[in-house]
Amino acid sequence: MIKRDPDPNKIYPVKNCKTVIHIKPTIKNKNIIVGEFSYFSDLDFEKHVTHHYDFVGDKLIIGKFCQIGKGVEFVMNGANHKMDCVSTYPFYIMDSWKQNAPKLSELPIKGDTIIGNDVWIGQNCTILPGIHIGDGAIIGLNSTVASDIPPYSIAVGNPAKVIKKRFDNELIKILLKFKWWDKKPEEINELIPLLTSNNISLIKRELKKKIK
């Protein structure tokens, strides 16, 4: 039997299942950048990236090995309205109204939305424009993420608030330095016993050896 590495370009990574997709091989929009092996528990990921207009130019950047639940929505900067005027109504995009389009510098553009590696986003979450979610973070289902979430934190609610760190600072520092998601598939396969262990002292000891 020929041994094959996992294929990041295989759209359906779960055998006999057509409701989970690898995101990267489905992307057509050049302003959506997704790392290998990140998956979406739904179909047509790009339909869940809303208000993503070319004239704004913002990017959605998602790392490797992310797990994104069904119904998650990424709201991009095109959804923002000016709030420093009497009316927030965008006359300039509607037919027949006499308003010149404002310069991009005059709009509340909050930059790219960046999701780290190995991030788990529970179903029906909403990620607002310009948000940064750190590596290894977990976002509870039905949450609305309106501010940045640090690496290896758990955040829930509307707006989402960090309720705790997943690990102590020492292990978080080790994991961020080790960056297991950047290893080759054969190396990751060898690491799986560590990556799926809850023996914190063992994980620290073994990863320290590998970093050296």
Side-chain angles (χ1 to χ4, degrees), residues 7-11 13 20-84 88 90 92-93 101-153 155 158-160 162 175-176 179-183:
D7 183 1
N9 294 311
K10 186 177 184 179
I11 292 178
V20 174
I21 61 168
H22 276 149
I23 302 168
K24 183 176 180 179
T26 72
I27 296 301
K28 297 176 182 177
N29 187 327
K30 63 182 176 59
N31 285 330
I32 301 176
I33 301 164
V34 183
E36 294 180 342
F37 300 108
S38 287
Y39 72 77
F40 183 42
S41 295
D42 207 340
L43 303 176
D44 200 347
F45 179 81
E46 289 192 48
K47 282 190 175 179
H48 293 262
V49 183
T50 65
H51 304 87
H52 199 194
Y53 305 129
D54 287 344
F55 75 90
V56 176
D58 54 341
K59 292 180 171 62
L60 171 60
I61 302 170
I62 298 174
K64 301 174 183 177
F65 293 95
C66 289
Q67 313 111 62
I68 301 176
K70 182 180 177 67
V72 171
E73 299 282 329
F74 294 88
V75 181
M76 303 302 285
N77 283 284
N80 286 330
H81 294 207
K82 290 190 69 176
M83 295 189 292
D84 57 351
T88 58
Y92 61 94
I93 66 171
K103 298 176 182 177
L104 282 180
S105 60
E106 297 173 347
L107 294 173
I109 305 298
K110 297 184 177 180
D112 297 334
T113 299
I114 301 175
I115 313 300
N117 304 279
D118 192 22
V119 173
W120 176 19
I121 303 177
Q123 66 184 37
N124 299 321
C125 288
T126 300
I127 315 299
L128 296 186
I131 294 303
H132 292 197
I133 299 177
D135 297 325
I138 297 174
I139 311 299
L141 80 169
N142 298 319
S143 296
T144 298
V145 184
S147 58
D148 294 350
I149 306 299
Y152 290 97
S153 297
N158 182 7
V162 173
L175 290 167
L176 293 175
K179 298 181 185 296
W180 68 263
W181 43 81
D182 285 338
K183 310 298 181 187

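The figures that follow rest on heavy atoms only: side chains count, while hydrogens, waters and symmetry mates do not.
- Counting all heavy atoms, side chain and backbone alike, T113 lies closest to G130 at OG1-N, 3.1 Å.
- In the displayed structure, K10 atom NZ is contacted under 6.0 Å by at most 12 heavy atoms of other residues, nucleotides or ligands.
- With values rounded to the nearest 0.5 angstrom, F40 atom CZ is found 13.5 Å from Q67 atom CD.
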Would H22 and F37 count as a ring-ring contact (aromatic ring centres under 6.0 Å, His included) here? Give the steps.
CA-CA 6 Å; H22 276 149; F37 300 108; 5.6 Å; yes
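- Put simply, the side chain of L60 reaches to within 4.5 Å of the side chain of F45, judged on heavy atoms.
- The side chain to side chain donor-acceptor pair (under 3.5 Å) search around D58 returns N77, not counting sequence neighbours.
- Here the CG-CD distance, from N31 to E46, works out to 10.5 Å after rounding to the nearest 0.5 Å.
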D135 and L175: side chain to side chain contact (heavy atoms under 4.5 Å, CB included), yes or no, with the steps?
CA-CA 9 Å; D135 297 325; L175 290 167; over 6 Å; no
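- To the nearest 0.5 Å, atom NE2 of residue H48 and atom CD1 of residue I68 are 11.0 Å apart.
- Scanning both residues, P13 and V20, for their nearest heavy atoms gives CD-O, 3.3 Å.
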Let's go through V49 and M76 carefully: what are the C-alpha distance in whole Å and the side-chain angles of both, what is the deciding distance for side chain to side chain contact (heavy atoms under 4.5 Å, CB included) to 0.1 Å, and is it a yes or a no?
CA-CA 7 Å; V49 183; M76 303 302 285; 3.7 Å; yes
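- Considering only heavy atoms from C-beta on, P108 comes within 4.5 Å of K82 through its side chain.
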Please evaluate residues E73 and N124 with respect to the criterion side-chain hydrogen bond (donor to acceptor under 3.5 Å, both in side chains), reporting the C-alpha separation (whole Å), side-chain torsions for both, the decisive distance (0.1 Å), and the verdict.
CA-CA 7 Å; E73 299 282 329; N124 299 321; over 6 Å; no
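- Of the inter-residue distances, the one linking W120 atom CH2 with I138 atom CD1 reads 6.0 Å to the nearest 0.5 angstrom.
- For the pair N117 and K64, the tightest heavy-atom approach, listed with the atom from each and the gap, is OD1-N, 2.7 Å.
- When all heavy atoms of E36 and K24 are compared, the closest pair comes out as CG-NZ, 3.8 Å.
- Judged by distance alone, the side chain of S38 and the main-chain N or O of G63 form a donor-acceptor pair under 3.5 Å.
- Defined by atom type and a distance below 3.5 Å, a donor-acceptor pair is missing between the side-chain atoms of Q123 and N142.
- Annotation: side chain of I32 is in contact with side chain of H52 (closest heavy-atom distance under 4.5 Å).
- For the pair G71 and D42, the tightest heavy-atom approach, listed with the atom from each and the gap, is N-OD2, 3.7 Å.
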Could you walk me through whether I131 and D148 pass the side chain to side chain contact (heavy atoms under 4.5 Å, CB included) test, one step at a time?
CA-CA 5 Å; I131 294 303; D148 294 350; 4.3 Å; yes
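- How far CZ of F74 is from CD1 of I115: 5.0 Å, rounded to the nearest 0.5 Å.
- Annotation: side chain of I109 is not in contact with side chain of N80 (no heavy-atom distance under 4.5 Å).
- Using cut-offs of 30° and 60° on the angle between ring planes, the pair F55 and Y53 is parallel.
- Using a 4.0 Å cut-off between charged nitrogen and carboxylate oxygen, K59 and D112 do not count as a salt-bridge pair.
- Nearest heavy atoms, I27 versus N29: CG2-O, 3.5 Å.
- Within a 6.0 Å sphere centred on CG of D54, other residues, nucleotides and ligands contribute 12 heavy atoms or fewer.
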